[in-house]
Amino acid sequence: MTTAQSTVDSSELDVQPTPLALLLLGREADPRSERGVECPGDLPSPSDPGLVERARAAKERLGEKVFVLGHHYQRDEVIQFADVTGDSFKLARDAAARPEAEYIVFCGVHFMAESADILTGDDQKVVLPDLAAGCSMADMATAEQVAECWDVLTEAGIAERVVPVSYMNSSADIKAFTGKHGGTICTSSNAKRALEWAFEQGEQVLFLPDQHLGRNTAVRDMGMSLDDCVVYNPHKPNGGLTAEQLRAAKMILWRGHCSVHGRFSLESVEDVRARIPGVNVLVHPECKHEVVAAADYVGSTEHIIQTLEAAPAGSKWAIGTELNLVRRLANRFAAEDKQIVFLDKTVCFCSTMNRIDLPHLVWALESLADGKLVNRIEVDRETEQFAKLALERMLALP
């Protein structure tokens, strides 16, 4: 369980702000909810140039005391102030490699800031500019639901042979559960290695919380069949499965998904091939299985970037991942005559990632520069201990 600390001065207000009001302001958080599943459409207009100068001035005042992390899916107005960019796990490791930084400002979502707090030193403080920046996927698996699932597996007589493997895109509570029960964490780039390790430890895998990454890795990368996979629905009694189905499955997939990557469809792939002859379709493994099967290339965010870097001039690409990144890549490689388009016609950003905007970043940086700690993300000791155990097992993978 994490606590999110915030310093909101309500003495100047006529009324005491309600918890809901603070949530909407992004200055309080429901620690059991990552929040956010809606598609906001297009981005707001560019930020006031004055905010750019304020962010730059506050960052200069802080100097080496602050280290700003920017996830690939962040908007450009935020990315420009990031000391490093990357995916969630890379950024958490980058933070751990900067022990001299007193403040780690994570421009990402809640579970990412938790991972940074787990991996950084006790004297370092992780700050999330907007506490309502969560992850709909991570929110699809709560500690209570997973504990109940484990009871179901125990009653079916298989818990002792099931190894949990949790995706990095999960809460600290789920990572701690995984560590307690002998499992490991995985990223989208090392999921195959994590599953191979898990099947060396046991006979079955409980994969949390993204069913698509689990299914695609098992079937596409490891040669299993779709029949080897069952989907555990936490909203149905016994997950909607019989004891026989649970015993027969190699992969017990949690019914979770990414609200952005889950939007891409087979029709999206067919449409872009019809519109752009010779296009290469490159998608993230969080996409549905039929989308991954129809794509030309599949890989993590870092793999997508590296593939486009190595692509020849004049090549055409349709990318199935978050739109902020796709736009940034399209602009970056336009001079090399690489045509890069978003796979879907519908504009959809990661709504919770986009909660980290320039006003929130300015507020966080200026508060820190004034000596006021805001929006700290702090994982409790016991949760951190077992979550770190699961992360360390991943780091030890060959």
Side-chain angles (χ1 to χ4, degrees), residues 39-47 70-82 84-88 90-91 107-109 169 187-189 212-213 216 220 257-354 356-357:
C39 175
D42 210 345
L43 285 175
S45 58
S47 294
H71 191 272
H72 284 308
Y73 297 166
Q74 286 294 331
R75 57 182 82 193
D76 289 345
E77 65 182 42
V78 170
I79 283 291
Q80 66 180 317
F81 293 103
V84 292
T85 59
D87 59 20
S88 60
K90 174 185 180 295
L91 292 176
C107 298
V109 294
N169 298 28
T187 67
S188 54
S189 58
H212 299 310
L213 177 62
N216 289 329
R220 181 180 182 274
H257 65 276
C258 170
S259 56
V260 171
H261 290 105
R263 294 179 60 87
F264 300 114
S265 65
L266 182 58
E267 289 73 23
S268 301
V269 178
E270 294 170 345
D271 176 75
V272 79
R273 290 197 192 282
R275 287 189 290 112
I276 308 176
V279 70
N280 298 284
V281 178
L282 170 58
V283 303
H284 195 282
E286 289 176 18
C287 294
K288 298 173 184 175
H289 180 69
E290 58 266 28
V291 174
V292 166
D296 300 299
Y297 304 93
V298 182
S300 66
T301 303
E302 296 288 349
H303 177 79
I304 289 172
I305 295 170
Q306 292 167 5
T307 299
L308 293 177
E309 287 174 340
S315 55
K316 305 172 185 178
W317 298 85
I319 311 299
T321 193
E322 208 274 340
L323 184 51
N324 271 311
L325 175 61
V326 177
R327 281 187 170 179
R328 189 174 302 121
L329 292 171
N331 292 333
R332 175 183 168 187
F333 294 114
E336 300 178 25
D337 194 29
K338 299 175 186 179
Q339 182 181 349
I340 298 171
V341 301
F342 190 56
L343 178 57
D344 197 356
K345 285 183 176 180
T346 303
V347 174
C348 189
F349 299 87
C350 177
S351 59
T352 49
M353 190 74 74
N354 272 299
I356 308 297
D357 56 13

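On a predicted model such as this, the values are computed, not experimentally measured, just so you know.
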Inset, instruction - Could you name each residue pair satisfying ring-ring contact (aromatic ring centres under 6.0 Å, His included) that touches residues 296-319, not counting sequence neighbours? - result: Tyr297-Trp317
Apply side-chain hydrogen bond (donor to acceptor under 3.5 Å, both in side chains) to [X] and list each qualifying residue two or more places apart in sequence or on a separate chain.
X	value
Lys338	Glu336
Asp271	Arg275
His257	none
Glu290	none

Do you know the tightest heavy-atom contact between [X] and [Y]?
X	Y	result
Val291	Leu266	CG2-N, 3.7 Å
Asn169	Ser88	OD1-OG, 4.2 Å
Pro285	Ser188	CG-CB, 4.0 Å
Ser315	Pro312	OG-O, 2.6 Å
Phe264	Gly320	CE1-C, 3.5 Å

Rounded to the nearest 0.5 Å, what separates atom [atom1] in [X] from atom [atom2] in [Y]?
X	Y	atom1	atom2	answer
Ser265	Asp344	OG	CG	6.0 Å
Glu286	Leu213	CD	CG	6.5 Å
His289	His212	NE2	NE2	11.5 Å
Tyr73	Thr301	OH	OG1	3.0 Å
Ser300	His72	OG	NE2	8.5 Å
Phe342	Glu322	CZ	CD	7.5 Å

Legend entry - Stepwise side-chain contact (heavy atoms from CB on, under 4.5 Å) test for Gln339 and Val279: CA-CA 9 Å; Gln339 182 181 349; Val279 70; over 6 Å; no
Legend entry - Sequence-distant partners of Glu309, salt bridge (Lys or Arg N to Asp or Glu O under 4.0 Å), two or more places apart: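 Only Arg332 meet the salt bridge (Lys or Arg N to Asp or Glu O under 4.0 Å) criterion with Glu309.
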Legend entry - Lys90: partners by salt bridge (Lys or Arg N to Asp or Glu O under 4.0 Å), with sequence neighbours left out: Asp94
Legend entry - For Ile319, the option from Ile304, Val283, Leu343 that meets side chain to side chain contact (heavy atoms under 4.5 Å, CB included):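 It is Ile304, the one option of Ile304, Val283, Leu343 that forms the side chain to side chain contact (heavy atoms under 4.5 Å, CB included) with Ile319.
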Legend entry - Leu282 and its side chain to side chain contact (heavy atoms under 4.5 Å, CB included) partner, picked from Thr307, Val298, Thr321, Ile340: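 The residue from Thr307, Val298, Thr321, Ile340 that satisfies side chain to side chain contact (heavy atoms under 4.5 Å, CB included) with Leu282 turns out to be Thr307.
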Got a sec, which residues hit side-chain contact (heavy atoms from CB on, under 4.5 Å) with [X], two or more places apart in sequence or on another chain?
X	answer
Thr187	Phe89, Met168, Ser189, Asn190, Met394
Gln80	Val52, Glu77
Asp296	Arg273, Asn280, Val281

Inset, instruction - Taking the side chain as every heavy atom from C-beta outward, state whether Arg75 and Asn354 have any pair of such atoms under 4.5 Å apart. - result: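 When only atoms from C-beta onward are counted, Asn354 and Arg75 do touch, with a gap below 4.5 Å.
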Inset, instruction - With sequence neighbours left out, write down each residue that passes ring pair (Phe, Tyr, Trp, His ring centres under 6.0 Å) with His261, or none if nothing qualifies. - result: His284
Legend entry - Polar contact flag, side-chain donor to acceptor under 3.5 angstrom, Asp76-Asn324: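 Judged by distance alone, the side chains do not pair up.
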